[in-house]
Each structure stands twice: as C-alpha cells, then as structure tokens.
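Have a look at the structure below before the remarks.
Chain letters run A, B, ... following the sequence lines, proteins first and then strands; every chain starts at 1.
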Amino acid sequence: MPPGQGRADPYRVWLSEVMLQQTTVVAVKSYFERFTQLWPTVQDLAAAPDDQVMAEWAGLGYYARARNLVACARAVAALGQFPDTREGLAALPGIGPYTSAAIGAIAFDRPETVVDGNVERVISRLHALEEPLPASKPEIYRLAAAQTPTLRPGDYAQAMMDLGATICTPRSPACGICPVIEFCQARRLGIAAELPRKMPKKAKPQRQGTVWIGFSGSSVLVETRPDKGLLGGTLAFPSAGWDGSDLPPPALADWHELGLVRHVFTHFALDLTVMTAELTLPPERGRLVPLGEFSATALPGLMRKAWALARPNPARPATTRRHGKPTSET
DNA sequence: CACTCGTGGAA
DNA sequence: TTTCCAAGAGT
C-alpha cells in the first residue's frame, strides 16, 4: 500500500485493523500472513468453518474478535462487498468507531476522523489536555476532527498513528525528532511525557481454578468453550473454579496434580492447578481427540501453558514443573 | 458508562 | 518483580 497510491484492498485493511485492536504489530504479523494465505478473499473466509478460524486465531487473544470476524465476513459475503461508508461499516460485527473510520479512510479514501490510542496521545499532547482519559475523549475527538484533511485521509490517519507509535510514544517521547514539535503545547509546557493523564486503574484480584487434562490411550480430552465469556469459542481442556463455572472433573478418575500455571488476564490474575489422569471410564463432558490430530497451537495461551505440563513427550522438559513458592510449603 | 475480554514485550 | 500497555468493541 504505497502512500497516496489509490486504495488498499478493503478485506486486508479490515482484517489487519481487527487484528491490531489492542494488539501489537509484532504479535499480529504472522497471524495476518497466515490468514491471508489461507483465505485470500473475504468470500474464502466466510466459507471457512468456525473451529478452523478459532484455531488459527488461537494465541492472539480477545477471542470475541475471531467470532465477530467470521460473522462479519459472512455478512460482507452476503452483501457482495464491503460497505464503503463509515455507517455501513460500523453496522457490521466487530467494527466499532475506530475500525469503521480507519477502513473508510484507508480503503475508501473518505475523510473520516480516525482516533485510536496513538491519536488520543498525540492530540492530548498537541493541545496539552489536562483532563484525564477517558473523560477527555469527546474533546479529543473534536480536536482530531478539526484537523482531519480531505486530501489523502488514509495516509494522514496512518501518519498520525505512526507518529504516536514511533515518536510520540507513551514513555520517553522523542520530541527532538518530532516533525510537529512547533505545534505541541505539552512540549512547550514541558509535560509531554505526562500526557495523556489517566484515571488510576483497579488492582487485579487473584483467582484460583483447576484444569483437567485427561488421557485415554493416545487420545486427550478437550472441549469447545461456550461462545460467551472468557476464552469464548476456543478449544480448551475442561476446567472450573476461575471463570464462573463450578463443574466437577469431566470424568471419574484417579486425578493427580501436575503443577500450577500462572496467567494474567486483563482484569484478574489466575493460578490454575493442572490435574491429569488416565481415563478408564467414559467422560461426562468434552470429547476425546487422538494426539495425532491434536495441536497445542489451536489452544489459547492459558491452555498451552497447562498443556506444557501434561503433554506426553515434552521436547524440552521444564526445569521447574511447579511454580509458586518452592521455598516453604511442601 | 463501567465493566468484560488475552497476550507478551518493554521499562 | 511489577507495571504498563498495543492500530477497541460489545454489553
């Protein structure tokens, strides 16, 4: 997508913008390449099975994005093409205020006001906004809209985001090489690095839970999680105690403890006890999958950590199978 | 409007 | 080790 060279493929713009929601470019890159290779067009993606898309998304996080991605692809396939207006785009699942504006500007050359975290920071500093986020968002949007050009709005939007990502960074902004330093009120006041101010965030509560990794010969017991809620729609091992569910083990068996997995979600931290057993009775939930057909890459990060303790042939045996406090407690 | 929803890298 | 946080959306 050379700057100023016509328009980018709406499908690729959409896919990349959705993947980049709250996710770094480095983390997205390989996923984007994989998705566009597997599904070159929105029609291809629309025809893909849900579980295959979920498996390819595994590890990227925020799994509602993957579920909305498929729903959106199917809606667009039914329409025949992507809507070319912000309103039309925003009506699709997984496309909100930011993404609809970004696609409109980048793919359809529309002068939409594109405001992401980068733009919020750049605008906050340019105008030295002292009011903390998120209360300052309406004012940020007004100021951003007032300086959005009608010429090459897509390049402008990406330039603003690149400025925030590479120069006007959250910590230690590189004001010395900033191309718009002469317009920056925060720099003039010497408070650039302190903006935007933010409301203090709540501490993360600690949760406990248990995950059961059961084997039956050369098969392992897995389940697909409900679409709603934590890790919604992902492949997982049966678990309980941490996500609102309080189910018993998925099968009556001689479960024994393998260790503890620590994981941090957006709004809580989790200590998950990993149990394993050889199943001699049919499981009451989940399904047995032959290890030859099982790949940990289809699991979300939390479940990959648990699998690392239970997998039959650890390529590299972990030096520590137990986390927590090795000192006391036997 | 406050809360839910992942993950991994950097300071 | 702890904290922050990254091209937000849905409810």
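- Closest to the side chain of A:H263, out of B:dT7, B:dG6, C:dC4, is B:dT7.
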Determine whether A:T99 and A:Q21 satisfy the following criterion, side chain to side chain donor-acceptor pair (under 3.5 Å), listing intermediate values before the conclusion. CA-CA 8 Å; A:T99 306; A:Q21 289 167 5; 2.9 Å; yes
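- As judged by a 4.0 angstrom heavy-atom cut-off over every strand, A:L60 is placed among the base-contacting residues.
- A distance-only check finds a donor-acceptor pair linking the side chain of A:T276 to the backbone of A:I213 [under 3.5 Å].
- Checking B:dA11, B:dT7, C:dG10 against every side-chain atom of A:F265, the shortest atom distance belongs to B:dT7.
- Counting only heavy atoms from C-beta on, A:R121 has its side chain closest to C:dA6 among C:dA6, B:dT7, C:dG8.
- Using atom P as the reference point in both C:dT3 and B:dG6, the two lie 22 Å apart (nearest Å).
- Residue A:K202 places its side chain closer to B:dC3 than to any other of C:dA6, B:dC3, B:dG6.
- Side-chain atoms of A:T266 lie closest to B:dC5 of the nucleotides B:dC3, C:dA6, B:dC5.
- Picking from B:dG6, C:dG10, C:dC5 the nucleotide with the shortest atom distance to the side chain of A:K201 gives C:dC5.
- For A:H267, the listed nucleotide lying nearest its side chain is B:dC5; candidates were C:dG8, B:dC5, C:dC5.
- A:Y63 has a side-chain polar atom (N or O) that falls below the 4.0 Å cut-off from OP1 or OP2 of B:dT7.
- Among the protein residues, A:T99 comes within range of the sugar-phosphate backbone only, with heavy atoms under 4.0 Å from sugar or phosphate atoms but none that close to a base.
- Both A:P134 and A:R67 lie near DNA chain B, and the one whose nearest nucleotide falls closer to the 5' end is A:P134.
- No contact: A:G232 has no heavy atom under 4.0 Å from any strand.
- Considering only side-chain atoms of A:Y98, the nucleotide from C:dA9, B:dT4, B:dG6 that sits closest is C:dA9.
- Put simply, the side chain of A:T23 and the base of C:dG8 share no donor and acceptor less than 3.5 Å apart.
- Side chain of A:R304 to backbone of A:T297: a donor-acceptor contact under 3.5 angstrom is found.
- Looking at heavy-atom distances under 4.0 Å, A:G229 makes contact with sugar-phosphate atoms alone, never a base.
- Counting any heavy atom pair closer than 4.0 Å across all strands shown, A:V114 reaches no nucleic acid atom.
- Listed by chain and number, the residues in a salt bridge (charged side-chain N to carboxylate O under 4.0 Å, His left out) with A:R188 amount to none (sequence neighbours excluded).
- Between A:Q22 and C:dA6, a side-chain N or O to OP1/OP2 separation shorter than 4.0 Å is absent.
- The 5' end of DNA chain C is approached more closely, in terms of each residue's nearest nucleotide, by A:P170 than by the other of A:G94 and A:P170.
- In this model, a donor atom of one side chain and an acceptor atom of the other lie less than 3.5 Å apart for A:Y98 and A:E17.
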